[in-house]
Amino acid sequence: MSAHSHLDGQLPHEPERATLEGRNKVLGFWLFLGGETVLFGTLFSAFLALRDQVGDGNPSGQELFKLMTVAIATVILLTSSLTSVFAIQAMHRNQVKAMQGWLILTVLLGLAFLGLEIYEFYEYVHEGHKFSTSAFSSSFYTLVGFHGAHVLFGIVWISLLIAQVARKGLNVVTAPKVYVAGMYWHFIDVVWVFIFTVVYLMGKVA
Amino acid sequence: MAHAHPVKRYTGLMDWLTTVDHKKIGILYLIAGGFFFLIGGLEALLIRVQLWKPLNNFVSADTYNELITMHGTTMIFLAAMPIIFAMMNAIVPLQIGARDVAFPFVNALGFWTFFFGGLLLNISWIAGAVPDAGWTSYLPLASPTYSTDKGVDYYVLGLQIAGIGTLVGGINFLVTIINMRAPGMSFMRMPMFTWSAFITSALILFAFPALTVGLVALMFDRLFSANFFEVSGGGNTVLWEHIFWIFGHPEVYILILPAFGIISEVIATFSRKRLFGYSSMVFATVLIGFLGFMVWAHHMFTVGLGPVANALFSIATMLIAVPTGIKIFNWIFTMWGGSIKFTAANLFAVGFVPTFVMGGVTGVMLAAAPADFQYHDSYFVVAHFHYVIVGGLVLGLFAGLHYWWPKMFGRMLGEGLGKLTFWTFFIGFHLTFFVQHFLGLLGMPRRVYTYLDGLGFNNMNLISTIGAFLMGVGTIIFIINIIVTSAKPKTAGNDPWEDGRTLEWAIPSPAPEYNFVQTPLVRGYDALWKEKMDGNEGMSPAEPIGPIHMPSPSILPFVMSLGLFIAGFGFMYANNDWQAGFFKDLFASHAVAGAGLLITLSCMVIRSLKDDHGFHIEPEELTNKGVKA
Amino acid sequence: MAANHTTHSEEPAKRHKHEGPRKHVVAYIFSMLLTLVAFATVMGGEINASFTYILLLVMAALQVVIQMGFWMHMKDRGHLFPIIGILTGVFVVFTIVIMAEYWTWW
Amino acid sequence: MNPQGPVAEVQFDLMKLSISIMVLVVLVVFALAFYVIVKFRRRPGDKIPVQVEGNHKLEIIWTVIPIVLLLILGVPTVKHVFGLAKDYSKDPNAVQVIVTAHQYWWEFEYPQYGIKTSQELMIPTGKTISIQTKSADVIHSFWIPALAGKIDSNPGANLNKMYFSAKKDGVYLGKCAELCGPSHALMDFKVKSVNEGAFDRWVTAMKEPGKLPADPAIAEVFEKQCLTCHAVGDKGLQLYPNLTGIGDKGTVAGILVNTDDAKYKNEGTTYENLKRWIEDPQSVKPGNSMPKVDLTPEQIDGIAKYLSEYKLNVEQ
């Protein structure tokens with residue numbers, strides 16, 4: 001099964017599963033996400049263990065968190081997850097133009113989310129909640145920062161994919177890459193669901 | 001070669017630097033792992049020389065703490081894990097009838113990141129700042145206030161880079177075993193070594209991220225003044241112990257399960273008998289892997305978690321003795337009724353069984369929390385874990401190396417020298433570590449650079465040192481055996497032990513680049529043995545002869561790991577007190593760290609954009625190599 | 001937006017229909033709803049803490065199940081090992097998080 | 001391992017129980033293995049042996065028996081885990097001791113009597129001693145093998161409690177069991193168990209005002225150089241080891257054993273040990289926080305003589 005010739009001139013039903021390399025890539029990425037779950041799980045447990053070590057004189061979670069910005073960021077990320085689903089659907093229907101469009105939209109929403117988060121951090125630092133202020137701030141910035149870094153990595157990754165598909169077109173080699181990037185993006189959104197629940201909402205209620 | 005664009009084939013050193021062939025990477029892992037094993041062994045000898053008599057001043061207290069830290073870290077992360085990966089790389093694809101692992105490029109990346117991580121860790125000796133807070137690196141001893149020099153930074157960054165390699169390797173083997181088994185090889189027909197590789201990779205996948213987070217938190221504490229473990233800033237030192245041991249205990253099962261797999265293969269082959277109770281062995285391996293995540297706090301009985309946690313983890317730890325017991329009895333009953341041939345490999349395997357049982361039972365004794373209040377951090381614990389790691393894993397690896405050496409190199413290791421290696425190593429091992437049980441019971445604490453006279457420790461420490469030297473002699477004999485064997489011609493046939501049961505003995509030794517001319521059809525457990533018993537010559541093919549697609553070699557994994565290596569230095573020496581001038585601005589601005597990461601990331605981009613279409617080996621090339629279908 | 005089903009002439013043997021976007025939009029709205037409810041309960045602020053904790057966790061878990069199920073095709077066939085992979089990961093996380101919570105609350 | 005206190009005895013019983021079960025297991029496995037190795041050696045002319053799949057009856061046997069053995073060990077373990085976790089910190093007739101571990105020395109504080117001492121824990125025989133241990137720097141581990149198991153001394157919020165008692169008078173060796181830096185091996189301490197009367201006399205003697213050296217020159221240097229860190233009676237600072245009654249103690253700095261007939265390198269008379277320690281503390285305990293104080297040999301001589309004679313004459 002030579003790698004990059006279309007099977008019957010037309011993209012197979014699920015192009016990402018058409019080749020062994022494709023199946024390996026998708027399964028490998030699923031397992032990688034299992035590992036990432038443990039990585040974020042450990043970061044969450046570190047945060048849970050240290051979240052009430054605010055240190056006297058420093059702003060606590062309740063005073064600090066602005067739920068309105070977090071709500072907007074959540075809506076943005078959730079929408080970007082939807083646009084990435086439409087992108088994968090467009091890929092399955094071999095509509096390259098539509099797929100590229102949805103992917104670009106996903107990237108833009110991702111950038112918006114990231115911009116909001118950086119602005120939020122900027123505000124927190126101004127209110128005295130710096131990285132080395134307390135155990136609470138260190139674990140908060142590491143957890144939410146790691147998620148932000150993953151979003152940034154996803155944005156760079158998807159924009160590279162857009163360029164690659166534009167140059168090389170959609171085939172059984174590039175299809176698994178787009179599918180895997182879509183899964184990555186959903187995973188980021190799933191992690192964000194827990195972050196806004198555990199860090200922000202529970203932080204506010206405590 | 002009717003292929004669109006020619007593919008560069010390298011020779012000599014470049015071939016090794018760019019290889020993505022799982023067999024060559026296996027050999028690279030073996031060489032690097034063996035080299036670090038010798039360094040670790042040297043550190044062990046220096047430790048033993050310092051302890052052979054009370055109040056000895058062979059090494060200073062600082063150097064001793066550095067020796068124990070580097071001995072532990074090197075042996076576990078840079079010697080044992082890589083040699084396990086050498087075995088898994090060399091044998092697992094052959095056992096499941098695959099042409100290579102799922103991601104050859106990532107396999108090479110796994111090796112090179114481990115190699116550069118190990119290099120960075122051992123460069124600390126040259127840089128004069130060696131980690132000295134123990135291989136567990138507890139805080140606050142490892143915090144910037146009590147470990148002021150760069151030592152622990154080398155530990156953190158070296159292990160982080162090596163950890164990436166191991167995690168990536170784990171995923172690679174999981175996908176290989178799930179997706180690329182030969183037709184007919186269902187999960188319950190897989191050889192035992194492949195099963196143990198499968199469970200080990202799953203443990204790696206779920207344990208190493210915890211280590212990654214722990215090391216990141218420690219790195220942030222040390223280099224960016226975070227407060228994860230800084231008591232003054234609200235941090236908590238017991239948090240590090242939790243995170244470390246959540247990784248730590250699955251790690252020791254990652255070490256021992258492959259040895260279980262090797263022992264099952266070697267004992268079955270040399271007893272000419274099918275493995276006794278295969279399905280219960282598989283179930284026991286899965287259960288050990290599962291329970292491995294439930295028991296980590298038995299390393300922390302004395303930390304003060306409270307009676308509820310201590311009771312819970314005592315019972316969970318004792319439960320692990322049940323599946324291990326199942327395995328021990330299954331090995332003994334595999335030999336029951338067999339006709340056992342004591343080759344060097346089988347000597348190690350048969351020697352493994354009683355030794356590991358002694359290690360296992362002391363483990364159960366340690367599991368009883370109130371008793372552990374006396375044992376913990378004493379030489380009783382040192383004796384226990386050396387019994388299970390050296391008596392278990394290292395004997396298992398020696399058995400595996402002697403058993404699969406012909407398949408990896410085409411030559412058989414000398415049986416005479418092999419047996420000599422066994423007896424010197426085996427006797428030296430028991431001499432060294434059996435007495436340490438009693439040292440522990442007499443109250444000699446762990447990690448002490450010296451001890452007072454008149455406490456009754458002197459003679460036993462002397463015996464232990466003599467034993468350590470005997471183990472050193474055994475290792476040297478093994479190296480001589482390797483050198484002598486490498487001079488011999490490659491005469492080993494497909495099945496040099498004549499009783500081969502699994503697929504790797506159905507192909508030439510050393511295996512050709514593409515492993516199988518045609519992917520074999522597996523018709524039962526012990527695939528080759530079934531064909532032999534049915535009177536067929538070799539494996540019946542599952543597909544016609546056709547062009548074989550091979551991945552093309554690439555230098556990128558080497559360069560990516562080099563990038564991480566440079567980034568490691570960049571992070572470490574950013575806040576170093578350079579005199580003003582070029583170096584200061586270079587490092588202080590994190591330019592070096594950034595450059596390193598840039599190299600790695602740009603390699604990833606190149607890898608993503610430039611698709612590797614590999615090359616093809618055409619059918620006529622297969623036949624003219626005299627390889628029959 | 002009507003999904004324009006391009007009929008494939010050489011359709012593989014089984015009649016294959018591309019799944020419409022409708023299902024995913026429903027999943028999106030449902031997740032949005034859950035998020036809104038979660039934010040509302042906290043911003044409203046008069047419900048006692050422990051009840052809110054449980055409510056929030058249930059909301060989060062529900063949303064994750066939806067997103068994993070629909071958008072990451074976890075419920076489609078051929079996902080056995082991905083499910084095992086993620087579930088083992090969640091199981092390990094569950095033990096670690098419980099330990100962290102128990103230990104700090106102790 | 002000869003237990004001298006009830007807590008150590010409980011632990012020793014559990015150890016004996018587990019060792020006996022495990023020796024039984026080892027014997028069974030060794031016998032089986034040895035028999036199999038000898039009986040089924042390959043002899044010339046052996047045919048291919050019968051390929052046995054497995055045997056469910058055997059499988060069940062060597063699953064159930066280990067579980068039963070583990071129950072025999074498990075039940076007492078859980079019982080003792082909760083037994084040893086009793087909290088005596090609020091118990092009026094237990095002697096409360098707050099242990100603070102420092103890098104390479106131990107500080108013992110008796111809140112009930114308001115006194116602090118170091119390196120030697122005086123306890124009344126037979127009474128329950130309730131320990132609350134914490135660390136002033138890195139993690140150490142408070143361990144007296146003869147009397148009880150160890151408990152870690154953690155910095156920050158993790159204060160650990162334990163209790164033990166000594167049945168007989170005597171001096172018991174204590175150690176640090178967690179790597180805490182270069183001199184981790186030298187961080188020993190002593191536990192001296194004396195009868196009630198002697199203990200009370202010791203407490204009153206500790207409270208008396210500190211006696212300064214007779215010779216004014218030595219006294220002046222002692223006050224200026226030593227009392228800026230150490231304390232004698234009520235004079236000086238309690239930052240570093242308390243020197244009251246150092247003449248009675250069995251060791252100097254925990255490892256220089258005071259005896260008249262010195263057999264080993266770390267032994268000598270109290271005077272010699274003190275002189276050796278004051279001259280160069282780093283050579284005795286590398287990495288500890290006592291600097292080399294600039295004193296003339298005569299001043300060192302004088303201080304060492306004064307300290308070696310600083311006894312509380314509590315004839316126990």
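On a predicted model such as this, the values are computed, not experimentally measured, just so you know. Naming: A, B, ... by sequence-line order, numbering from 1 per chain.
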Side chain from CB out, backbone as N, CA, C, O: work out which of these in [X] comes under 4.5 Å of a heavy atom of chain B, or both, or neither.
{"X": "E267(D)", "answer": "neither"}
{"X": "N266(D)", "answer": "both"}
{"X": "F34(D)", "answer": "neither"}
{"X": "K39(D)", "answer": "neither"}
{"X": "A146(D)", "answer": "neither"}
{"X": "L173(D)", "answer": "side chain"}
{"X": "L17(D)", "answer": "neither"}
{"X": "E59(D)", "answer": "side chain"}
{"X": "K175(D)", "answer": "side chain"}
{"X": "N2(D)", "answer": "neither"}
{"X": "A185(D)", "answer": "both"}
{"X": "I65(D)", "answer": "neither"}
{"X": "V50(D)", "answer": "backbone"}
{"X": "W143(D)", "answer": "side chain"}

Which atoms of [X] are under 4.5 Å from chain D, going by heavy atoms: the side chain, the backbone, both sets, or neither?
{"X": "Y375(B)", "value": "both"}
{"X": "Y138(B)", "value": "side chain"}
{"X": "E241(B)", "value": "side chain"}

Q) Got a donor-acceptor contact below 3.5 angstrom from the D132(B) side chain to the G181(D) backbone? A) no
Q) Of the listed residues (V357(B), T362(B), L442(B)), which shares the most heavy-atom pairs with chain D below a 4.5 Å separation? A)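 Counting heavy-atom pairs under 4.5 Å, the top option is V357(B).
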Q. Which one of G134(B), S271(B), G338(B) has the most heavy-atom pairs closer than 4.5 Å to chain D?
A. G338(B)
Q: Dump the intermediate steps for side-chain contact (heavy atoms from CB on, under 4.5 Å) on N65(B) and H184(D), then the final yes or no.
A: CA-CA 10 Å; N65(B) 283 353; H184(D) 158 63; 5.7 Å; no
Q) When rounded to the nearest 0.5 angstrom, what is the spacing between CG in L141(B) and CG in D137(D)? A) 9.5 Å
(Q) Working to the nearest 0.5 angstrom, can you tell me the gap between N158(D) CG and N236(B) CG? (A)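 Here the interatomic distance stands at 4.5 Å.
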Q) So Y35(D) and W336(B), would you call those rings parallel, tilted or perpendicular, with 30° and 60° as cut-offs? A) tilted
Q | Taking every non-hydrogen atom, the tightest pair across F373(B) and K150(D) | A | O-NZ, 2.7 Å
